[in-house]
Amino acid sequence: MCSMINLVDKLCKERTLSKSEFIDLINCDETTSEYLRSLAEKTRIENYGYDIYMRGLIEFTNYCKQDCYYCGIRKSNLSCPRYRLSFSDIMECCRDGYALGFRTFVLQGGEDPYFTDDRICEIIEAIKKTYPDCAVTLSLGEKSRESFKRYFECGADRYLLRHETANKAHYGKLHPEKQTLESRIECLKILKEIGYQVGCGFMVGSPFQGAECLADDLLFIKELNPQMVGIGPFIPHEQTPFKDYGAGTLELTLRMLSIVRLMLPKVLLPATTALATIDPRGREKGILAGANVVMPNLSPVSVRKKYQLYDNKVCTGEESAQCRNCLEKRIESVGCRLVVARGDSKNI
Ligand code: SAH
């Protein structure tokens, strides 16, 4: 047990560990886990104070040409009611969001061919023109270098593309053959080269994941050195091939958040909706474990239930204003404050 505490100290000092040391830390006991958490919280405070940034998530389409086995909006889910937001729907979400203090808009969706590069660029340009003080984050899946470049030139600031798992064999078990880890990683490298603030990330407790896969995720993240890392528990969706697998646990998700905070002290780390879904105080616990971002939904209430990546997703019935106020209270309950700011990463 003593040596485990030493591992946390080593991580704090050297900002990385060997693969076998990461595996030991991932499997650590509760005392070590609490020590890890307290240092991660301290590190968050040293780098970002008590500020928690908010991002307005606009889930603008649930059509998807990809077929990830874990995801509720995968192409093969024929019982998923599909929708697309119109240009004016999206602008309305931004208008409401801006009034509520959001200064980052995240456009997230399935890989929907209807949204050509021209259409995406039109949306980015309109948002940047109307709200020049806001950041635009894209989360549209894998695209060509040319597309990524065009979006950037139109004004997109950031791109979220979770790598999902950095272990090749594991990646193969979560995706059909034509979706590859190589291509996912290539996209992340291109995004960095172009100049985006980049976010990668992974699910905790996805089927067939072992501590070794998680250690590979950590080593990959250290090497990529992204500005953001999205980490949430896997949660089964009843209309996917993984419907009978268990969800990732709160404890392991929090532990992974803390390890990443210690590895990259200045990274932006969201307390995800998936974390809030597996525990009623999941977001608060995420913040106490080192997270410093929340990403509430700004999508119209009429479509929220249709963007169902996993079962029982929280906050699908509330208006944006309600979500914002509820989050503010939750954040204040753990001694932090929700801030009106773009909230750029200090990990540059
Ligand atoms: N199409 C975009 C956005 C994907 S949805 C893309 O490819 O990047 C955003 C994230 O939700 C995914 O990256 C995945 O990590 C997560 N997700 C999908 N299904 C999930 C599930 N069943 N449980 C938890 N998270 C899930």
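Numbering of ligands and ligand atoms starts at 1, following listing order. The basis for the numbers below is simple: all heavy atoms, side chains too, and nothing from hydrogens, waters or symmetry mates.
Less than 6.0 angstrom separates the ring centroid of Y70 from the ring centroid of H175.
Partners of F208 by ring pair (Phe, Tyr, Trp, His ring centres under 6.0 Å), not counting sequence neighbours, listed by chain and number: Y245. By the side-chain hydrogen bond (donor to acceptor under 3.5 Å, both in side chains) test, T180 is found to be paired with no residue, residues two or more places apart in sequence or in another chain being considered.
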When you check ligand 1 against the protein, what N or O pairs turn up below 3.5 Å? List the atom names and distances, or just say none.
| from | atom 1 | to | atom 2 | distance (Å) |
| --- | --- | --- | --- | --- |
| ligand 1 | 1 (N) | G109 | O | 2.9 |
| ligand 1 | 7 (O) | R184 | NH2 | 3.3 |
| ligand 1 | 8 (O) | R184 | NH2 | 3.2 |
| ligand 1 | 13 (O) | E164 | OE2 | 2.5 |
| ligand 1 | 15 (O) | R162 | NH1 | 2.9 |
| ligand 1 | 15 (O) | E164 | OE1 | 2.7 |
| ligand 1 | 15 (O) | E164 | OE2 | 3.4 |
| ligand 1 | 22 (N) | Y70 | O | 2.9 |
| ligand 1 | 22 (N) | I235 | O | 2.7 |
| ligand 1 | 22 (N) | L309 | O | 3.4 |
| ligand 1 | 23 (N) | I235 | N | 3.0 |
| ligand 1 | 23 (N) | I235 | O | 3.4 |

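Listed by first then second residue, pairs satisfying ring-ring contact (aromatic ring centres under 6.0 Å, His included) with a partner in residues 110-131 read F60-F115, Y98-Y131, F105-Y131, not counting sequence neighbours.
Remark: D344 engages R342 in a salt bridge, criterion side-chain N to carboxylate O under 4.0 Å.
Of the residues F148, Y151, F152, the one that meets the ring-ring contact (aromatic ring centres under 6.0 Å, His included) test with Y159 is F148.
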